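Working notes, structure below.
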Amino acid sequence: VFVHVGKTGGGTFIKWSHKNGLRVRQYHMHRVPRQDVCRDDRKPWVISMRDPISRAVSAFNWRSPLNNPAQHSFAKGEKPLYDCFRTADEFAVGLGRNDTCGTIARNAVYITPVSHIG
């Protein structure tokens, strides 16, 4: 069982697993069902992890239209975020702002998590 937290190297792990003949049940950015957690089948679990600040910066840059405009269409909440903030640093500072962009930044983390950031 592999719990793939976005922007933590999970894609590389999955490719390696397939190349080496390992069967992996992957949960990517979703809650793991209780029945899978409570099974007593003795299968190993792998959970990918990364420093949370590094992960958030990577996610912000990965989704930014400035870095790769053709790779992704915007998900809910992303366009306003990238209209307000050009860099991950601006986004981080924006979390403390008391204006519309500050609200958008906080919502991206807490209310409607923007892809891999929240």
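We number each residue from 1, following the sequence as shown. Atom set for the values below is all heavy atoms of this structure, side chains included, hydrogens, waters and symmetry mates excluded. Since this is a predicted model, take the numbers as computed values, not measurements.
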Stepwise side chain to side chain contact (heavy atoms under 4.5 Å, CB included) check, Phe91 with Val109: CA-CA 11 Å; Phe91 166 64; Val109 174; 3.7 Å; yes
Arg97: partners by salt bridge (charged side-chain N to carboxylate O under 4.0 Å, His left out), with sequence neighbours left out: Asp99
Closest non-hydrogen atom pair between Leu81 and Ala105, with its separation: CD1-CA, 4.2 Å
All side-chain contact (heavy atoms from CB on, under 4.5 Å) counterparts of Pro33, not counting sequence neighbours: Tyr27, Gln35, Asp36
Acceptor/donor pairs from residues 8-22 side chains to any protein atom, 3.5 angstrom cut, sequence neighbours excluded:
from	atom 1	to	atom 2	distance (Å)
Thr8	OG1	Val5	O	2.4
Thr8	OG1	Ser48	OG	2.5
Ser17	OG	Phe13	O	2.9
Asn20	ND2	Trp16	O	2.8

Within one Ile-Leu-Val-Met-Phe-Trp-Tyr cluster: Val93 and Leu66, side-chain cutoff 4.5 Å: no
Which residues share a salt bridge (charged side-chain N to carboxylate O under 4.0 Å, His left out) with Asp83, sequence neighbours left out: Lys79
Beyond-backbone contact of Tyr82 with Phe60, side-chain heavy atoms, under 4.5 angstrom: yes
Residues forming a side-chain hydrogen bond (donor to acceptor under 3.5 Å, both in side chains) with Glu90, sequence neighbours excluded: none
Polar side-chain atom of Arg50 near backbone of Lys7 as donor-acceptor pair, under 3.5 Å: yes
ILVMFWY cluster, Met49 and Phe2 together (side-chain gap under 4.5 Å): no
Joint hydrophobic cluster, Val24 plus Val3, side-chain heavy atoms closer than 4.5 Å: no
Nearest-0.5 Å distance that lies between atom CD1 in Ile104 and atom CZ in Arg106: 10.0 Å
Partner set under salt bridge (charged side-chain N to carboxylate O under 4.0 Å, His left out) for Arg42, not counting sequence neighbours: Asp40
